[in-house]
Amino acid sequence: MQQDKVLILDFGSQYTQLIARRVRELNIYCEIHPYNHPPKNQSEFKAVILSGSPNSVRGENVLHPDLSEIRGKKPMLAVCYGAQYLAHFSGGKVAPSNTREYGRANLSFIKSDETFFENISEGSQVWMSHSDTIKELPTNAKLLASTKDVENAAYTIDGETTFAIQFHPEVYHSKDGKQLLENFLVKIAGVAQTWTPDSFVDSTVASIKEKVGNDKVVLGLSGGVDSTVAAVLLNKAIGKNLYCIFVNNGLLRKDEFKNVLAQYEGMGLNVKGVDASKRFLKALKGVTDPEQKRKAIGNAFIEVFDDEAHQIKDVTWLAQGTIYPDVIESVSVNGGPSATIKSHHNVGGLPDFMKLKIVEPLRMIFKDEVRRVGASMGIDPELLGRHPFPGPGLGIRILGDITAEKVRILQEVDAIFINGLKEDGLYNSVWQAGAMLLPVNSVGVMGDERTYEKVVALRAVESTDGMTADWVNLPYEFLQKTSNKIINNVKGVNRVVYDISSKPPATIEWE
Ligand code: XMP
């Protein structure tokens with residue numbers, strides 16, 4: 001079945017991804033494209049949304065989209081900058097606002113019978129974020145709504161299914177924003193709400209089959225959600241032609257390699273576990289600088305992966321667990337289509353000589369959609385709900401140089417902390433948690449003995465995307481119990497501290 005598609009033209013707004021999120025929540029498929037790199041197949045999109053922008057239509061660098069295939073030809077919703085753009089270049093007037101127009105405002109309707117505002121009540125709270133305002137509407141426009149400070153808060157163009165709004169329906173503070181998007185997309189544009197995890201699985205499996213055929217595909221599994229879901233999808237499509245490689249870099253959590261490998265095998269994946277711990281430890285010997293560690297770990301991974309991939313005869317594809325935010329980032333308005341994948345990305349730096357074609361089954365979906373897709377394919381909820389874990393693993397949680405003994409200590413500490421969170425029902429209310437082994441010894445007393453041993457720091461944060469984060473107010477009783485357990489059970493540790501720093505300024509990892 002062909003999915004209806006919605007096009008979001010991005011003018012660089014910080015909220016563009018949120019528009020896509022809200023649209024997807026309505027079970028509608030959408031794609032974000034930079035206004036200056038619109039897709040070639042615009043006729044395939046059933047409706048278009050123009051995003052906001054940090055730019056002004058009055059400045060020198062006005063962002064000019066080519067709307068010739070859109071305006072008047074298909075339903076269009078212009079948000080913030082989009083609404084100002086339409087006004088400015090179609091006979092209206094845009095000028096700086098007299099009052100600051102940020103944050104809360106309330107709608108009052110001029111035309112309350114419009115489908116556009118169906119099921120939205122007078123006074124509905126909307127969120128504003130703009131410094132220009134529309135003084136005069138464009139030609140043939142009809143005013144739909146105002147707020148106290150913004151007269152032209154919503155308008156439509158006579159004879160077109162074109163709507164424009166000054167406020168941001170995509171942010172949660174616009175209370176009826178989702179309803180408004182539904183009114184526009186479903187009731188006005190007639191877009192079908194058929195984008196579900198099951199439909200995604202069906203269409204993705206079909207397109208992988210078509211793309212890859214009988215070729216062989218290699219994929220690096222990390223134990224994380226994205227690579228696992230990508231593997232299960234590919235497995236559904238091509239079965240044993242998918243060759244998964246799960247590398248133990250020796251910096252995983254306690255027993256993780258063994259347990260996750262068994263789990264992968266239980267899921268029917270064609271997976272090979274490669275224990276390369278010694279190779280990584282050797283590459284890391286004496287390295288103390290965090291970025292050098294990342295490089296050493298990254299390079300060792302490439303070497304191991306490459307060795308393994310070469311053992312698979314005639315492999316022609318490399319599968320990756322890239323997800324939509326990475327894609328959007330690399331084709332952003334400012335970044336342009338050639339901007340590179342961030343250095344955080346574990347397998348982004350694979351060398352050219354591998355010369356493999358790339359298949360990325362998750363490149364059009366967001367993280368929470370990855371989880372929903374995983375759930376719809378029956379992947380264990382515990383695996384899907386795992387905290388994020390950095391590619392370099394415990395290597396960037398052992399401050400200073402890394403030795404096998406330090407890894408052992410940190411694995412024990414981490415296991416007590418993480419298992420404790422699970423046992424006390426706290427794990428799912430924390431976005432990410434872990435322990436750091438500090439490069440200092442402190443004096444302690446155990447029995448009648450003076451000790452001089454390691455300090456560990458526990459960190460638990462709440463976040464939505466890792467970009468900003470705050471420390472979690474874990475119950476004192478839990479911290480007390482955990483600290484006792486660590487000091488009593490992990491030889492080499494005599495002091496536990498809890499990190500109470502937010503990000504920014506402190507990052508989540510200590511290195
Ligand atoms: P920071 O420490 O920058 O971390 O606040 C934000 C998120 O990114 C993860 N992280 C990494 N992930 N390779 C990765 O794959 C890395 O080098 C890396 N460094 C940090 C971190 O665990 C958190 O989720």
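Not measured: the values here are computed from a predicted model. Atom set for the values below is all heavy atoms of this structure, side chains included, hydrogens, waters and symmetry mates excluded. Order of appearance sets the numbers: ligands from 1, and atoms from 1 within every ligand.
For Y81 and H130, the distance between ring centers is not under 6.0 angstrom.
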Q: Any chance you could lay out the side chain to side chain contact (heavy atoms under 4.5 Å, CB included) test for N270 and L242, step after step, and finish with the verdict?
A: CA-CA 7 Å; N270 177 15; L242 173 69; 5.6 Å; no
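A salt bridge links E256 with R386: the closest approach of a Lys/Arg side-chain nitrogen to an acidic carboxylate oxygen falls below 4.0 angstrom. Of the charged side-chain nitrogens involved, none lies within less than 4.0 Å of a carboxylate oxygen, so that K216 and D314 do not count as a salt-bridged pair. A salt bridge is absent between K367 and D465; no separation between the charged side-chain nitrogens and carboxylate oxygens falls under 4.0 Å.
Proximity to K503 (heavy-atom distance under 4.0 Å) selects the following atoms of ligand 1: 1 (P), 3 (O), 5 (O), 6 (C).
In plain terms, the two heavy atoms of S53 and L63 that are nearest each other are OG-CD1, 3.5 Å.
The distance criterion of under 3.5 Å between nitrogen or oxygen atoms is met by G391 with respect to ligand 1. For ligand 1, none of its N or O atoms has an N or O atom of W431 under 3.5 Å away. Ligand 1 has no N or O atom lying under 3.5 Å from any N or O atom of E511, backbone or side chain. Backbone and side-chain nitrogen or oxygen atoms of Q432 are examined, and one is located within less than 3.5 angstrom of a nitrogen or oxygen of ligand 1. Looking at ligand 1, you won't find any N or O of G466 less than 3.5 Å from one of its N or O atoms.
If you look at E509 next to ligand 1, the close heavy atoms, those under 4.0 Å, come from the backbone and the side chain alike.
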